[in-house]
Amino acid sequence: LLGNLAMAELRNYQSQVGARADSAIDEGLRAYMLKVYNLMAIALVVTGAVAYGTFNLAVSNGQLTQLGALLFTSPLRWVIMLAPLAFVFLFSFRIDRMSVSTAQMTFWAFAALMGLSLSSIFLVFTGASITQTFFVTAAAFGALSLYGYTTRRDLTAMGSFLIMGVFGLILAMLVNLFLQSSALQFAISAIGVLVFAGLTAYDTQKIKESYFEGDAAVLGRNAIMGALTLYLDFINMFQFLLSFLGDRD
């Protein structure tokens, strides 16, 4: 009898300890994900501010300024267009060797460079349609990311398929640079929205799982890489939505 009572008491104690541990993990995970979303949100603000500021400096009274001609009509535009892609690859390979503060500053620099690259959308689309598409993207992104965070379904298989879809999109976009087909461009945009919508859910689940890996420094870098991943999902979904929802100026 005494043995049974002792065992019952031990099990009760273990359940209490387990509950406290689970609570601590939940609180830590929420703080970690909040950091990821905050980093992403700040990066989007930096990108939007740089894009809009660059456009205002590049265009005056409906005409390109000298800066605008340099950015949008000279060979420099290709450097500006491709620089963010090179930056992502460099950042991905080097982040393990960076301190958390250096990685964070590098992320802000990338967000500013992306804003410079995106400034040309104000030449093509109306400000109202850009704003409207941004909020549509934000609503869709929020719902998809919430699904990725809360679902118990393993999205790994879906993620592998979607990553293959990204490479397919890149190939189709390169082909359409020469074909200039409006029908193919529409198809690319529609498929692009679906691919990055799915990647938003998949990446959120992957980021959530990364919370259980490594020490504080590793978690700090993981949070920045997670923010970068979701940032890219958002930006790509926004651009694909804008290409067929936006009103051209």
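Atom set for the values below is all heavy atoms of this structure, side chains included, hydrogens, waters and symmetry mates excluded. Sequence positions, counted from 1, serve as the residue numbers for this chain.
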| field | ILVMFWY cluster, L232 and I170 together (side-chain gap under 4.5 Å) | value | yes
| message | How long is the straight-line distance from CG of L199 back to CG of L230, given to the nearest 0.5 Å? | response | 10.5 Å
| task | Look at the side-chain heavy atoms of Ile, Leu, Val, Met, Phe, Trp and Tyr, link any pair under 4.5 Å apart, and say whether F89 and M98 land in one connected group. | result | no
Anything under 3.5 Å between a donor and an acceptor, one on a side chain of residues 100-113, the other on a protein residue two or more places apart or in another chain? List them.
{"from": "S101", "atom 1": "OG", "to": "S99", "atom 2": "OG", "distance (Å)": "3.2"}
{"from": "T102", "atom 1": "OG1", "to": "S99", "atom 2": "OG", "distance (Å)": "2.9"}
{"from": "T106", "atom 1": "OG1", "to": "T102", "atom 2": "O", "distance (Å)": "2.7"}

| In chain order, what residues pass the side chain to side chain contact (heavy atoms under 4.5 Å, CB included) check against L177, with sequence neighbours excluded? | L174
| remark: Residues passing the side chain to side chain contact (heavy atoms under 4.5 Å, CB included) test with L67, sequence neighbours excluded, are L57, T65, L71
| field | Verdict with supporting geometry, F91 and I224, side-chain contact (heavy atoms from CB on, under 4.5 Å) | value | CA-CA 11 Å; F91 190 45; I224 294 168; 3.8 Å; yes
| request: Tell me, please, which residues at least two apart from Y32 pass ring pair (Phe, Tyr, Trp, His ring centres under 6.0 Å). | output: Y211
| request: For A227 and M40, work out which heavy atoms get closest and say how close. | output: CB-N, 3.8 Å
| Any donor-acceptor pair under 3.5 Å linking the side chain of R77 with the backbone of T73? | yes
| query | Got D203 and F196 here, is their nearest side-chain heavy-atom distance under 4.5 Å? | reply | no
| task | Give the C-alpha distance, both sets of side-chain angles, the deciding distance and a yes or no for side-chain contact (heavy atoms from CB on, under 4.5 Å) between R97 and R94. | result | CA-CA 6 Å; R97 305 175 190 176; R94 298 281 300 179; 2.9 Å; yes
| message | Is it the case that atom NZ in K206 sees more than 12 heavy atoms from other parts of the structure closer than 6.0 Å? | response | no
| task | Drop me the distance from L155's CG to Q205's CD, to the nearest 0.5 angstrom. | result | 4.0 Å
| field | Exam field: side chain S129 to backbone T126, donor-acceptor pair closer than 3.5 Å | value | yes
| request: Give the intermediate values and the outcome of side-chain contact (heavy atoms from CB on, under 4.5 Å) for residues L245 and Q132. | output: CA-CA 9 Å; L245 288 181; Q132 181 181 16; over 6 Å; no
Between side-chain atoms of residues 141-149 and protein atoms elsewhere (two or more places apart, or another chain), which donor-acceptor pairs fall under 3.5 Å?
{"from": "S145", "atom 1": "OG", "to": "Y37", "atom 2": "OH", "distance (Å)": "2.5"}
{"from": "S145", "atom 1": "OG", "to": "T204", "atom 2": "OG1", "distance (Å)": "2.8"}

| task | Under the side-chain hydrogen bond (donor to acceptor under 3.5 Å, both in side chains) rule, collect the residues that match up with S181, sequence neighbours excluded. | result | none
For residues 183-192, which side-chain donor-acceptor pairs fall under 3.5 Å, sequence neighbours excluded?
{"from": "Q185", "atom 1": "OE1", "to": "N176", "atom 2": "ND2", "distance (Å)": "3.3"}
{"from": "Q185", "atom 1": "NE2", "to": "S189", "atom 2": "OG", "distance (Å)": "3.4"}
{"from": "S189", "atom 1": "OG", "to": "Q185", "atom 2": "O", "distance (Å)": "3.0"}
{"from": "S189", "atom 1": "OG", "to": "S243", "atom 2": "OG", "distance (Å)": "2.5"}

| said: Set out, in order, the CA-CA distance, both residues' side-chain angles and the distance that settles side-chain contact (heavy atoms from CB on, under 4.5 Å) for Q239 and L118, then state yes or no. | reply: CA-CA 9 Å; Q239 287 183 284; L118 288 176; 3.2 Å; yes
| What distance separates T133 OG1 from L242 CG, expressed to the nearest 0.5 Å? | 5.0 Å
| remark: Output for pair (I130 CD1, F55 CZ), nearest 0.5 Å, gives 8.0 Å
| remark: Here the gap from M33 atom CE to S210 atom OG, rounded to the nearest 0.5 Å, amounts to 8.0 Å
| Heavy-atom closest pair, residues F234 and A138 | CE1-CA, 3.6 Å
| message | Just to verify, what does L34 make a side chain to side chain contact (heavy atoms under 4.5 Å, CB included) with, not counting sequence neighbours? | response | N38
| said: Do M173 and L179 land in one hydrophobic cluster if side-chain heavy atoms of ILVMFWY residues count as linked below 4.5 Å? | reply: yes
Using distance only, find each side-chain donor-acceptor pair of residues 159-169 under 3.5 Å and give its atom names and separation, not counting sequence neighbours.
{"from": "S160", "atom 1": "OG", "to": "T156", "atom 2": "O", "distance (Å)": "3.3"}

| query | Apart from M81 itself, what residues make up its hydrophobic cluster when side-chain heavy atoms of I, L, V, M, F, W and Y under 4.5 Å apart count as a link, directly or indirectly? | reply | W78
| request: State plainly whether one hydrophobic cluster holds both F135 and M237, where clusters connect Ile, Leu, Val, Met, Phe, Trp and Tyr through side-chain heavy atoms under 4.5 angstrom apart. | output: yes
| Tell me, do F244 and V193 make a side-chain contact under 4.5 Å, heavy atoms counted? | yes
| note | Students should find that the hydrophobic cluster of L194, defined by side-chain heavy atoms under 4.5 Å apart, otherwise consists of none
| field | In one Ile/Leu/Val/Met/Phe/Trp/Tyr side-chain cluster, 4.5 Å: V79, L82 | value | no
| With a 4.5 Å limit on heavy-atom distance, are the side chains of Y231 and M114 in contact? | yes
| said: Checking S119 now: which residues fulfil side-chain hydrogen bond (donor to acceptor under 3.5 Å, both in side chains) with it, not counting sequence neighbours? | reply: none
